[in-house]
Amino acid sequence: MAPKFGKGCHLHLIDGSAFIFRAYHALPPLTRKSDGLPVGAVSGFVNMLQRYVEGNNGPDAATHVAVIFDKGSHTFRNELYDQYKANREAMPEDLRPQIPLTRTATQAFNIACEELEGFEADDIIATLAHQARDAGGRVTILSSDKDLMQLVGGGVEMLDPMKNKRIDAEGVVEKFGVGPDRVVDVQALAGDSVDNVPGAPGIGIKTAALLINEYGDLESLLDRAEEIKQPKRRQTLIDHRAQIELSKKLVQLDCDMALPFGLDDLEVRDPEPEVLMGFLAEMEFRTVTKRIAEKLGIAPPVIEDTAPTSEAAAPEAMPFDADKYECVMDEAALLVWIDRIHDRGYVAVDTETTGLNEMIADLVGISLCVEAGHACYIPLTHKAAATDDLFGSDAVAEGQMDLDRCLALLKPVLEDPAILKIGQNMKYDAKIFARLDIAVAPIDDTMLMSYAMNAGLHNHGMDTLSERYLGHTPIPIKPLLGSGKSAITFDRVPIDKAVAYAAEDADITLRLWQHFKPQLHVKQVTTVYETLERPLVPVLAQMERHGIKVDRDTLSRMSNAFAQKMAGLEAEIQEMAGRPFNVGSPKQLGEILFDEMSLPGGKKGKTGAYATGADVLEDLATEHELPGKVLDWRQLSKLKSTYTDALQEHINAETGRVHTSYSIAGATTGRLASTDPNLQNIPVRSEEGRRIREAFVAEPGKVLVSLDYSQIELRILAHVAGIDALKQAFADGLDIHAMTASEMFDVPLDEMTPEIRRQAKAINFGVIYGISGFGLARNLRIPRGEAQGFIDRYFERFPGIRKYMDDTVAFAKDTGYVKTLFGRKINTPEINAKGPHAGFAKRAAINAPIQGTAADVIRRAMIRMPAAIEGMPAKMLLQVHDELIFEVEEDGANALIDAARDVMENASDPAVKLDVKLAVDAGQGANWAEAH
DNA sequence: ACGCTCACG
DNA sequence: GACGTACGTGAGCGTA
């Protein structure tokens with residue numbers, strides 16, 4: 001039996017959290033080779049412990065030691081002050097899963113590892129320090145945290161492990177200007193921005209120490225505040241007395257906690273070699289394992305090199321085995337899974353629902369996975385199998401957990417800020433859960449990780465990713481659901497089959513995450529993922545759930561009007577053609593025009609059909625009346641079928657609104673894409689089409705507000721290509737197309753004609769698209785030589801543009817990708833191709849950084865918008881590439897415009913300093929036509 | 001399933 | 001010198 005802690009004993013208290021953060025920030029993001037688990041911080045932590053153990057000898061050696069950790073984010077200090085530590089940044093996602101491993105590491109070293117739910121490490125340290133001091137022993141606190149300095153004195157010292165500097169009472173005076181016993185008084189006055197302790201405004205440590213030294217202690221100072229000579233200081237102390245007293249309570253450590261262990265439990269013990277080696281081998285720390293083995297005089301364990309052999313198409317070590325998936329049918333089984341999730345700190349989640357539209361689909365079951373190969377499916381609302389007929393029954397299948405009970409148990413997990421939820425296209429699952437009053441956070445999304453790394457290489461659906469990166473073809477859904485008329489919904493899928501399919505999705509997602517997470521750093525897109533992809537998910541989910549009100553009657557009336565006009569045109573067209581035919585059939589139309597009517601210019605495409613596009617028909621319109629009528633008919637047909645008819649189908653029965661869905665990883669450049677319905681291509685260019693926007697309305701008492709970036713792509717071009725004349729024109733607020741025309745054609749601005757300006761505008765856009773003589777000629781309907789002349793002249797006037805284009809293409813050829821100003825990578829795999837593809841790839845490479853940078857800018861604005869309009873009676877509804885649409889109470893419209901414009905115009909700050917300022921135009925009205 | 005056509009930025 | 005070309009999307013329709 002060891003002697004009781006007392007005189008001659010020396011207790012070391014290690015501030016575990018400080019160790020972890022120091023380790024995390026000091027080391028590059030290391031991952032375990034076999035499965036990609038992030039372990040950088042664990043590695044650093046182990047090294048620090050090892051160094052500590054090695055150095056623990058001589059006169060200052062410990063007889064007792066413990067590593068103390070924080071546990072739980074809510075402590076008695078939050079009860080005193082809800083803003084305590086409120087401005088602290090969230091823990092980095094790749095650190096989260098490492099926290100439990102640091103506990104294991106401490107235990108592996110056979111060092112006491114202590115934490116108490118709801119208590120900060122500092123309070124445990126304070127209590128132990130006092131106990132040891134009172135027992136007559138020495139104490140050394142290994143930390144540089146100034147909050148612990150109040151404990152120094154009477155045998156208690158601190159040791160900054162990095163600087164290896166001891167801090168005694170004298171050191172504290174150096175730092176705070178007062179002795180350890182008055183440190184809390186100074187802190188109470190000075191406050192602390194890191195922990196969000198308010199203190200007294202305008203008083204820092206220097207002034208606080210001065211005051212405390214003059215008046216003795218905080219209480220005397222506050223009682224005699226009237227005596228202070230400086231008027232401002234006096235008033236501050238009088239006005240903020242309560243706040244100062246509160247601050248003191250926040251910084252004062254609890255030295256008298258009831259602890260479920262004693263000093264004698266903390267005696268220094270040698271590590272058990274097997275346990276320590278086992279842990280180090282499990283972590284696959286080769287170097288430190290070898291070094292410690294040498295110290296212990298034993299043979300190091302063999303650590304298999306299980307690294308994937310090649311980066312792409314590396315099958316994970318563990319094969320996929322559907323038989324290992326568990327079907328969770330009762331509460332006990334679910335609780336086991338919830339425990340596993342808490343132990344891990346992360347979980348892959350997937351939902352199964354009755355459909356693809358997450359505004360309508362109902363939850364059918366949930367899959368979870370915490371470790372490759374080990375996944376479960378929780379069936380919740382599956383229907384019983386058919387007994388008597390083909391259509392199944394409406395009775396629920398037996399053996400399923402109660403839906404509400406399951407959600408009640410999972411909600412705290414899905415909302416736990418300490419547990420990372422991993423998904424493939426999490427926006428979908430988050431929206432399903434949001435409808436069930438569960439706010440899923442924080443999240444990681446494998447689809448978006450792939451997008452950040454692989455945009456331009458392939459799509460980012462689960463099937464593609466699983467095949468490419470796991471070498472595994474997922475179970476197809478088709479055989480389960482069938483297709484066409486006989487298709488069933490997932491709740492009709494037999495539970496055993498559902499388990500194999502659904503659990504596998506979670507398993508795949510987790511493995512993809514393990515594969516991608518360390519790759520983000522390697523590919524240098526962590527910032528893109530963290531600032532432009534991941535934070536957009538909740539913003540879009542919110543917008544989509546809100547939807548925009550669409551007036552059915554307006555659309556219906558328009559549909560009828562279009563139908564009537566179309567019928568009239570159709571009759572005229574067929575009359576002219578001399579026989580009835582399907583006006584909507586390009587094939588039949590081509591035959592009428594070029595074979596039967598023998599009009600000139602009939603050109604057949606690769607499929608052997610005549611081209612009848614708008615440009616062809618426009619040319620023919622000079623020859624005959626019929627093509628013009630077809631153009632009119634086509635316009636109406638488009639408006640009716642794609643808009644006035646189809647939009648009505650998309651009005652949600654429950655909300656009366658239309659809820660689009662934005663794909664974040666669809667367009668290669670970083671742009672969003674809108675589907676089901678596409679609300680990014682609602683007509684505006686033609687007068688007739690624009691009226692469709694009148695059907696997009698605000699609720700009574702509210703207005704729609706539209707804010708759009710003015711010429712954002714040309715501004716970005718001016719910046720990236722460094723064109724001073726363009727920058728100056730934007731700075732002067734000039735008409736940029738007129739200015740280009742003036743520069744190119746030597747026409748003074750006050751003599752500018754619309755025609756010349758139109759040509760310059762076409763050239764400006766052409767430049768953004770990777771201009772070619774042929775393309776410009778076709779667009780402007782001028783001879784190719786003339787168009788080429790324009791382009792030559794343009795490059796003469798703006799040589800920087802040519803250089804930008806050449807440099808961009810050269811960079812793409814060299815690296816295989818191009819980058820936006822914010823670091824987004826767009827892969828250009830075709831750039832070195834020969835043949836006709838080459839031109840396409842070149843122009844795409846020239847365009848991508850410009851279009852992509854604009855896309856990044858508005859993404860940044862959108863991500864910041866919720867906080868900027870917080871408290872306003874306003875909602876962000878839609879994004880149309882360079883435009884954001886809001887719905888806001890009439891009285892709040894102007895304030896909203898001010899706030900939103902500010903966010904949009906400054907969206908590039910502080911990451912990128914643009915040479916050209918961004919300008920935003922705004923409008924408001926009862927409907928979208930008025931607001932735009 | 002695919003190409004044509006056309007709506008948007 | 002010819003090749004075929006403006007960049008990025010999604011939806012509806014006809015045709016295979």
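Letters A, B, ... mirror the listed sequences (proteins, then strands); counts begin at 1.
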Exercise. Contacts to DNA chain C from residues 626-641 of chain A, heavy-atom cutoff under 4.0 Å, which residues?
Worked result: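 Within this stretch, A:K638, A:S641 sit under 4.0 Å of the strand.
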Exercise. Which residues, if any, of residues 766-805 of chain A bring a heavy atom under 4.0 Å of DNA chain C?
Worked result: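 Of all residues in residues 766-805 of chain A, the ones placing a heavy atom under 4.0 Å from DNA chain C are A:G766, A:Y769, A:I771, A:S772, A:F774, A:L776, A:R778, A:N779, A:R784.
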For this session: Please list all pairs passing the ring-ring contact (aromatic ring centres under 6.0 Å, His included) test where one or both residues lie in residues 661-694 of chain A, with sequence neighbours left out.
Result: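 Qualifying pairs, neighbours excluded: none.
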For this session: Scan for ring-ring contact (aromatic ring centres under 6.0 Å, His included) pairs involving residues 607-628 of chain A, sequence neighbours excluded, and state none if there are none.
Result: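 Pairs touching residues 607-628 of chain A that pass the test: A:F594-A:Y610.
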Problem set entry | Same-atom distance (C1') from C:dC3 to B:dT5, integer angstrom |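 Result for the C1' pair: 26 Å, nearest Å.
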Problem set entry | Gap in Å between the two P atoms, one belonging to B:dC6 and one to C:dA2, rounded |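 Those two atoms are separated by 31 Å.
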Exercise. Pairs counted as Watson-Crick or G-U wobble with both distances under 3.5 Å: what dot-bracket string results for DNA chain C, using | for bases tied to another strand?
Worked result: ......|||||||||.
Exercise. Looking only at side chains, do A:T660 and A:S674 share a donor and an acceptor under 3.5 Å apart?
Worked result: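 Note: A:T660 and A:S674 side chains meet the donor-acceptor criterion.
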Exercise. Using a distance-only test with no angle check, is there a side-chain donor-acceptor pair under 3.5 angstrom linking A:R634 and A:T612?
Worked result: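 Per modelled atom types, A:R634 and A:T612 side chains form a pair under 3.5 Å.
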For this session: Check side-chain hydrogen bond (donor to acceptor under 3.5 Å, both in side chains) between A:N652 and all other residues, then give those that pass, not counting sequence neighbours.
Result: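 If we apply the side-chain hydrogen bond (donor to acceptor under 3.5 Å, both in side chains) test to A:N652, skipping adjacent residues, there are no hits.
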Exercise. Can you name the residues that form a side-chain hydrogen bond (donor to acceptor under 3.5 Å, both in side chains) with A:D807, not counting sequence neighbours?
Worked result: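 A:D807 satisfies side-chain hydrogen bond (donor to acceptor under 3.5 Å, both in side chains) with A:K803 only.
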For this session: Identify the residue among A:L877, A:V550, A:V658 that makes a side chain to side chain contact (heavy atoms under 4.5 Å, CB included) with A:L679.
Result: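 With A:L679 as partner, side chain to side chain contact (heavy atoms under 4.5 Å, CB included) holds for just one option, A:V658.
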Problem set entry | For A:I885, side-chain contact (heavy atoms from CB on, under 4.5 Å) partners two or more places apart |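 With neighbours one apart ignored, the set is A:S706, A:L878, A:V880, A:E883, A:W928.
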For this session: Starting from the C-alpha separation in whole Å, work towards a yes-or-no answer on side-chain contact (heavy atoms from CB on, under 4.5 Å) for A:F765 and A:L776.
Result: CA-CA 10 Å; A:F765 279 110; A:L776 184 65; over 6 Å; no
Exercise. Has A:R685 got a side-chain N or O lying under 4.0 Å from the OP1 or OP2 atom of B:dG9?
Worked result: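 Yes, A:R685 has a side-chain N/O under 4.0 Å of OP1/OP2 on B:dG9.
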Problem set entry | Bounds of contact between DNA chain C and chain A, in 5' to 3' order, using a heavy-atom cut-off under 4.0 Å |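 Contact boundaries, 5' end first: C:dG4 to C:dA16.
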For this session: Quick one: list whatever passes salt bridge (Lys or Arg N to Asp or Glu O under 4.0 Å) with A:R657, sequence neighbours left out.
Result: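 Expected list: A:E699, A:E887.
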For this session: Go through the structure and list residues passing salt bridge (Lys or Arg N to Asp or Glu O under 4.0 Å) with A:K587, not counting sequence neighbours.
Result: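 Only A:E591 meet the salt bridge (Lys or Arg N to Asp or Glu O under 4.0 Å) criterion with A:K587.
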Problem set entry | Ring centroid separation A:Y794 to A:F790 under 6.0 Å |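 Not close enough - the centres of the two rings lie 6.0 Å or further apart.
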Mind listing the side-chain donor-acceptor pairs of residues 848-862 of chain A below 3.5 Å, one per line with the distance, residues two or more places apart or on another chain?
residue, atom, partner, partner atom, Å
A:Q851, OE1, A:T669, OG1, 2.7
A:Q851, NE2, A:N847, OD1, 3.3
A:T853, OG1, A:L821, N, 3.2
A:T853, OG1, A:P849, O, 2.5
A:D856, OD1, A:R824, NE, 2.8
A:D856, OD1, A:R824, NH2, 3.2
A:D856, OD2, A:T820, OG1, 2.6
A:R859, NE, A:G670, O, 2.9
A:R859, NH1, A:L532, O, 2.9
A:R859, NH1, A:E533, OE1, 2.8
A:R859, NH2, A:I664, O, 3.1
A:R859, NH2, A:G670, O, 2.9
A:R860, NE, A:A907, O, 2.6
A:R860, NH2, A:D909, O, 3.0

